[in-house]
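First the structure, in the form of structure tokens, and then the observations on it.
Computed over heavy atoms, backbone and side chain alike; hydrogens, waters and symmetry mates excluded. Ligands are counted one by one from 1 in listed order, and the atoms in each one are counted from 1 as well.
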Amino acid sequence: MRTDDAPLIRLDDYRPSDWLIDTVDLDISLHPTQTRVRSLLALRPNPAGQTDAPLVLDGDELALKALSLDGEPLDASAYAAGPQGLTLHAPPRRGFTLTIETEIDPAANTKLMGLYRSSRVYCTQCEADGFRRITYFLDRPDVMSVYTVRLEAAKAEAPVLLSNGNLVATGEVPGSDRHFALWHDPHPKPAYLFALVGGALDHVRQDYVTAEGRKVELAVYVEPGKADRAGWALDSLARCMRWDEKVFGRNYDLDVFNVVAVSDFNMGAMENKGLNIFNDKYVLADPQIATDGDYASIEAIIAHEYFHNWTGNRITCRDWFQLCLKEGLTVFRDQEFSSDERSRPVKRIADVRTLRSTQFSEDAGPLAHPVRPRAYKEINNFYTPTVYEKGAEVIRMLKVLIGDDAFKRGMDLYFERCDGTAATIEEFLACFAESSGRDLSHFARWYEQAGTPTIVASGRYDAAAQRYTLDLAQSTPPTPGQAEKEPMVLPVRLGLVGAEGDLPLRTQSNAYAGDGLVVFDGPSLSIAFEGVTEPPIPSLLRGFSAPARLELDLSEADLLRQFTRDSDSFNRWQALQSIATRALVAAGRPGADPGALGATAAELGRALGGFLAADALADPAFAAQVLRLPAPADIAREIGKDVDPDAIFSAHRALSTAIGSALLPRLSGLRQALETKGPYRADAASAGRRALRNELLGLVALAAPAEGAALCEQQFETGDNLTDRLAALAAMTLIPGERRERLIARFAEAYAGEPLVLDKWLMAQALIAEPATLERVRGLMRHPAFSLGNPNRVRALIGGFAANLTQFNRADGEGYGFVADIVVALDRTNPQVASRLLGSFKSWRMLEPGRRRQAQEALGLVARTPNLSRDVSDIAERALA
Ligand code: PHE
Ligand code: ZN
């Protein structure tokens with residue numbers, strides 16, 4: 001479809017379907033290039049639809065083989081069929097059945113939407129609109145049907161045949177080398193949750209009994225020979241199921257729960273009912289091929305997809321505008337699960353880092369959109385940090401605002417009232433309005449208004465009156481299509497920090513802050529705290545209680561005091577981040593004096609030295625977060641306009657190096673103290689020690705390169721786990737020279753045949769902040785470990801390069817040109833991966849004029865390419881608009 005013909009789909013145009021499909025009987029005979037699909041649909045008019053409507057079924061690159069109505073072949077004049085749809089001009093005004101036969105070619109499906117083959121395994125991906133690439137259907141989430149699926153395949157090729165629901169029967173196909181499996185899913189579901197898998201797969205399994213007493217067989221399927229890497233995913237599954245019973249009162253509802261790992265997958269994973277399909281990167285783990293970070297994300301994503309069973313599947317979305325109804329809520333749920341399994345404060349810090357780097361940057365650029373968009377051209381471009389991460393923040397704020405108790409009752413009400421339906425944000429919020437007795441209409445603006453609010457705060461202390469007055473003002477910058485902004489409901493958790501810790505909060509009206517929560521919902525607010533016996537340091541947005549930018553002009557000395565005294569660990573961490581951010585913003589501005597960093601570096605070095613000596617070993621995971629400065633890209637976003645990435649990067653390097661030098665005398669002793677004896681264990685405490693130890697390795701590499709290089713070599717050669725060995729490689733990439741190249745080669749040798757590990761190797765090289773990186777990346781595209789056909793490889797190497805602040809944003813524009821060319825090439829085979837890659841341009845408008853011009857040119861080159869997919873043209877258009 002050409003760019004200009006892609007229609008804009010609007011929330012306001014939503015109409016219920018004219019037809020419903022009560023049951024679907026699929027008979028799918030798998031073949032690598034000629035898979036036959038017979039679909040028997042039981043249709044009836046929707047009482048809520050139009051009575052004289054034709055029946056228009058969606059299709060995408062389909063070919064019709066046969067069609068009959070109530071068992072009778074249909075006359076050609078009664079319908080029109082094409083690749084994009086099937087229309088019955090005058091369907092009966094009653095219930096009837098339709099039998100549709102199509103033939104599809106899974107091997108030729110490089111878009112990885114619909115039915116495709118991944119390393120000899122048949123699998124499907126139907127969200128958002130892939131089912132229509134399998135058969136003609138009403139492919140919209142508010143059409144929910146009961147599916148019965150018969151799968152047939154050659155026994156040798158696909159001994160394992162899986163679909164949604166429960167297994168009903170299996171058997172041989174007489175007189176052939178084929179067999180079949182019959183699956184039935186009693187829960188009505190939208191087509192996007194349909195899935196099938198066929199192939200030669202190994203598995204691990206475990207029995208599980210739900211709190212309600214249902215016996216469930218859990219299984220994780222992987223490529224042959226990899227079963228010993230599936231244990232962590234299986235273990236995570238059982239743990240998150242227990243957690244959902246305990247915390248949300250949700251039990252599982254089928255006799256089996258299957259997870260399948262495939263090596264070609266556009267996204268992270270997919271919550272198909274009873275048959276979750278995963279990118280293998282988020283399933284396979286053992287200490288040799290997975291880092292601590294991988295263990296944590298496997299646990300989180302297994303939980304995320306499982307949690308969708310209630311928030312997404314049992315209660316699904318009425319239309320795709322409601323995507324955040326399932327995604328924001330399910331991200332919130334998986335974040336809570338990980339917080340309970342690991343360290344809550346450290347998880348919060350990590351999540352806020354992700355939110356700021358992905359969502360704040362989206363909100364600040366041309367691709368900004370509300371958590372619930374009002375219009376789209378291509379829904380696949382709206383699986384964004386805004387819908388997911390900001391969507392989760394909205395749920396978190398709701399909980400803070402109405403309190404744990406009303407939140408829990410609201411969730412229960414939602415599960416009870418909306419179970420089995422395709423729901424909306426309005427229906428969701430109504431449950432919490434009811435449970436809390438609160439009017440949430442103003443709060444609902446979080447779903448409608450894009451952009452990151454800024455809170456400007458200032459305080460005055462009146463010693464004579466023992467009064468501290470806090471003034472707050474809020475504003476939200478314009479975003480595409482939303483020039484004027486209204487004030488948001490901002491839950492501001494706060495405290496006043498005195499010499500001995502938190503001071504009691506008393507206000508005259510008692511309207512605010514007795515419990516440390518201020519609901520800031522107007523343009524400005526002034527709060528006077530009484531009985532304040534000493535000049536306090538305001539601690540605002542504790543736990544990051546609202547996804548906002550905070551401008552609060554505390555002195556460096558106050559921030560350092562806050563770091564040591566605040567009772568809120570998030571704000572302790574934030575205090576040092578604020579010091580570093582402020583210094584880096586000043587030093588990274590065009591024409592700034594880099595010498596200005598010296599004083600801050602000394603202060604931070606002293607503070608961190610004291611911290612490391614005093615309590616770093618008590619909570620190493622937290623200490624690792626404290627030591628990690630804000631990323632250069634965060635500084636770029638703070639500067640916001642006329643950004644010079646090189647200046648920011650130099651400032652960042654200088655500050656890190658100076659901190660490293662200040663800490664150097666302690667580092668080797670600390671690293672020794674943090675060493676873990678005995679075999680690798682994946683638990684959070686061990687991971688925290690490794691995280692801190694490896695953070696310190698990075699500092700040595702910067703401050704004392706020769707010593708650092710030797711440490712990296714030693715850690716690589718003696719390390720017994722991927723976390724330590726990859727950290728050695730990453731630290732070594734900071735040290736140009738021959739030793740680095742040797743370690744890079746050693747790494748490739750050590751992990752030849754491990755594509756997921758080599759992805760990390762590709763990415764570590766793509767992130768090197770040196771001008772030679774572009775040539776290196778070009779070279780790596782010819783390495784046997786790389787393939788443009790595999791999304792993980794592309795994301796690692798090309799996505800890694802596009803995340804390299806200084807090299808993607810090269811002043812000569814070569815970085816943009818390189819990525820743009822790949823987007824165009826990739827668009828022909830896999831538009832979704834191509835359009836995500838093009839999203840790397842989302843911050844181009846904040847650059848200095850030279851780079852801005854170069855980026856615009858590259859975007860223009862993409863936009864002008866003939867026959868672009870809707871995915872890529874939509875991003876190109878919006879980025880340029
Ligand atoms: N629904 C999936 C999730 O968030 C993401 C996804 C979207 C996967 C579209 C594939 C395609 O869990
Ligand atoms: Zn999800």
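For residue E305, no N/O/S atom approaches the Zn ion (ligand 2) to within less than 2.8 Å.
Residue-level contacts of ligand 1 at the 4.0 Å heavy-atom threshold are Q125, E127, M267, A269, M270, E271, H304, E305, H308, K326, E327, Y383, Y388.
The angle H304:NE2 - the Zn ion (ligand 2) - E327:OE1 amounts to 110°, with values rounded to 10 degrees.
Between F332 and F307, the distance from one ring center to the other does not fall under 6.0 angstrom.
Within the 3.5 Å criterion, the main-chain N or O of Y295 finds a donor-acceptor partner in the side chain of W232. Checked by atom type and distance alone, the side chain of S118 never pairs as donor or acceptor with a backbone atom of V121 at under 3.5 Å. Between the side chain of N279 and the main chain of Y282, no donor-acceptor pair closer than 3.5 Å is present.
L826 has its side chain within reach of L788: a pair of non-hydrogen atoms, C-beta onward, lies under 4.5 Å apart.
Across F257, W243, F248, a single residue satisfies ring-ring contact (aromatic ring centres under 6.0 Å, His included) together with Y306, and that is F257. D244 pairs in a salt bridge (charged side-chain N to carboxylate O under 4.0 Å, His left out) with only one of the listed residues (R239, R314, R250, R333), which is R333.
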